[in-house]
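Notes for the one structure printed next.
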Amino acid sequence: MGIVLLSQTENMLKVIATAARVCYSGLPLKELLSKYSEEENRKLIERVVGMGHLSVVEHGVMTFKVDNSYKDELFKIMIDKPFLKISDIGNDFIVSLNLRTILELISEKPNLRFTKEISKFLPDFLFRQKNQ
């Protein structure tokens with residue numbers, strides 16, 4: 001089985017872009033949610049993440065079913081990454097983590113099999129980050 005994506009934040013691009021704008025905009029939330037195009041949201045996220053501001057991507061969460069063959073790697077990751085949530089479901093695990101944690105794993109632990117597999121599920125608006 002390996003790793004299977006079970007769920008992710010709905011409208012992730014819009015959620016993350018809105019979180020980025022809330023800090024600096026005086027516009028009401030309703031307007032922030034409707035004013036910007038998908039392309040404008042993509043450009044904003046690329047710019048913000050490109051500057052190293054990863055806090056906004058914490059608003060995107062992905063949940064995976066992970067088979068037991070990743071157990072040792074998961075325990076190694078848990079030591080460094082407190083935002084990784086792991087539930088044991090018998091022979092497998094349910095693992096939830098935010099996009100910031102995924103990007104940090106790609107940067108810090110790129111050779112782990114777990115990291116390589118979950119990076120394949122990164123949203124396309126973070127595509128540049130995935131290939132770094």
Side-chain angles (χ1 to χ4, degrees):
M1 172 196 74
I3 296 179
V4 176
L5 178 65
L6 297 177
S7 67
Q8 63 185 6
T9 302
E10 188 175 347
N11 298 317
M12 195 179 312
L13 174 66
K14 183 184 276 189
V15 168
I16 293 170
T18 301
R21 287 185 176 102
V22 162
C23 295
Y24 300 103
S25 175
L27 296 175
L29 181 60
K30 186 174 183 178
E31 192 171 338
L32 287 175
L33 287 167
S34 62
K35 181 177 180 174
Y36 298 97
S37 71
E38 184 173 320
E39 185 58 31
E40 289 171 312
N41 288 338
R42 285 178 188 280
K43 286 179 181 179
L44 174 65
I45 297 307
E46 286 177 6
R47 188 173 67 246
V48 169
V49 171
M51 293 186 313
H53 298 295
L54 299 181
S55 61
V56 295
V57 297
E58 291 176 11
H59 295 276
V61 176
M62 302 179 92
T63 301
F64 302 93
K65 183 175 181 185
V66 180
D67 75 36
N68 199 37
S69 70
Y70 293 88
K71 183 177 184 175
D72 291 339
E73 287 188 357
L74 290 175
F75 286 119
K76 287 178 189 175
I77 294 168
M78 280 177 51
I79 294 168
D80 297 330
K81 299 296 173 197
F83 300 109
L84 182 83
K85 304 298 180 203
I86 300 175
S87 300
D88 186 341
I89 55 168
N91 290 331
D92 299 316
F93 300 93
I94 301 295
V95 179
S96 293
L97 61 168
N98 63 46
L99 293 182
R100 179 181 187 153
T101 301
I102 295 173
L103 292 175
E104 289 173 350
L105 284 172
I106 291 168
S107 174
E108 298 166 12
K109 300 178 186 301
N111 295 324
L112 291 180
R113 196 168 52 114
F114 178 77
T115 302
K116 290 176 184 177
E117 288 301 312
I118 64 168
S119 69
K120 295 175 184 175
F121 294 97
L122 270 178
D124 64 348
F125 61 85
L126 291 174
F127 188 75
R128 284 190 207 164
Q129 301 302 315
K130 185 165 76 169
N131 290 325
Q132 287 183 345

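Model, not experiment: these values are computed from the prediction.
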- Item | Thr9 and His59, any side-chain heavy atoms less than 4.5 Å apart | no
- Of all heavy-atom pairs linking Leu44 and Ala20, the shortest is CD2-CB, 3.9 Å
- Please list, chain by chain and in numerical order, all residues satisfying side chain to side chain contact (heavy atoms under 4.5 Å, CB included) with Ser7, sequence neighbours excluded. Thr63
- Message: Quick check on the hydrophobic clustering: are Ile89 and Leu6 connected, directly or via other members, by side-chain heavy-atom contacts under 4.5 Å?
- Response: yes
- Message: Under the criterion side-chain contact (heavy atoms from CB on, under 4.5 Å), I'd like the reasoning laid out for Leu105 against Phe114: C-alpha separation, chi angles, the key distance, then a yes or no.
- Response: CA-CA 9 Å; Leu105 284 172; Phe114 178 77; 4.2 Å; yes
- Item | Thr101, Val66, Leu97, Leu5 screened by side-chain contact (heavy atoms from CB on, under 4.5 Å) with Ile118, the one that passes | Leu97
- Task: Of all the heavy-atom pairs spanning Leu27 and Ser25, show the shortest one and how long it is.
- Result: N-OG, 3.0 Å
- Message: Once rounded to the nearest 0.5 Å, what's the spacing between atom OG1 of Thr18 and atom CG of Leu33?
- Response: 4.5 Å
- Item | Distance, nearest 0.5 Å, that separates CD1 of Ile94 from CD1 of Ile86 | 11.0 Å
- Message: Could you measure the distance from the CD atom of Gln8 to the OG atom of Ser96? Nearest 0.5 Å is fine.
- Response: 12.0 Å
- How close do Phe93 and Asp67 get, heavy atom to heavy atom, and via which atoms? CD1-O, 4.3 Å
- Query: Under 4.5 Å between side-chain heavy atoms, hopping through other hydrophobics if needed: is there a path connecting Leu84 to Phe75?
  - Reply: yes
- Task: Evaluate side-chain contact (heavy atoms from CB on, under 4.5 Å) for Glu117 paired with Phe64, printing each intermediate quantity in order.
- Result: CA-CA 11 Å; Glu117 288 301 312; Phe64 302 93; over 6 Å; no
- Task: Please say which of Glu39, Glu46, Glu38 ends up in a side-chain hydrogen bond (donor to acceptor under 3.5 Å, both in side chains) with Arg42.
- Result: Glu38
- Looking at Phe83, does the NZ or CZ of Arg100 lie under 6.0 angstrom from its six-membered ring centre and within 45 degrees of the ring axis? no
- Task: Hey, could you give me the CD/CG distance between Glu108 and Leu103, rounded to the nearest 0.5 Å?
- Result: 10.5 Å
- If you measure from CG on Asp124 to CE on Met12, what distance do you get to the nearest 0.5 Å? 10.5 Å
- Query: Does the distance from a Lys or Arg side-chain N to an Asp or Glu carboxylate O, for Glu73 and Lys109, drop under 4.0 Å?
  - Reply: no
- Would a hydrophobic clustering, with Ile, Leu, Val, Met, Phe, Trp and Tyr connected at side-chain separations under 4.5 Å, put Val95 with Val61? no
- Can you get from Val15 to Val57 by hopping between Ile, Leu, Val, Met, Phe, Trp and Tyr side chains that sit under 4.5 Å apart? no
- Mind checking the CZ-CG spacing from Phe121 to Leu99? Nearest 0.5 Å is all I need. 13.5 Å
- Query: Could you go step by step and tell me if Arg21 and Asn41 meet the side-chain contact (heavy atoms from CB on, under 4.5 Å) rule?
  - Reply: CA-CA 10 Å; Arg21 287 185 176 102; Asn41 288 338; 2.6 Å; yes
- Say whether, by atom type as modelled, one donor and one acceptor occur between the side chain of Glu40 and the main chain of Ser37 under 3.5 angstrom. yes
- Message: Checking Leu54 against Val49 for the side-chain contact (heavy atoms from CB on, under 4.5 Å) test, could you report, in this order, the C-alpha distance in whole Å, the side-chain angles of both residues, the deciding distance, and whether it holds?
- Response: CA-CA 6 Å; Leu54 299 181; Val49 171; 3.7 Å; yes
- Expected output: side-chain Thr115 to main-chain Ile106 donor-acceptor under 3.5 Å: no
- Item | N/O donor-acceptor pair under 3.5 Å between Arg113 side chain and Ser69 backbone | yes
- Query: Is Ile45 linked to Leu32 within one hydrophobic cluster, defined over Ile, Leu, Val, Met, Phe, Trp and Tyr using a side-chain heavy-atom separation of less than 4.5 Å?
  - Reply: no
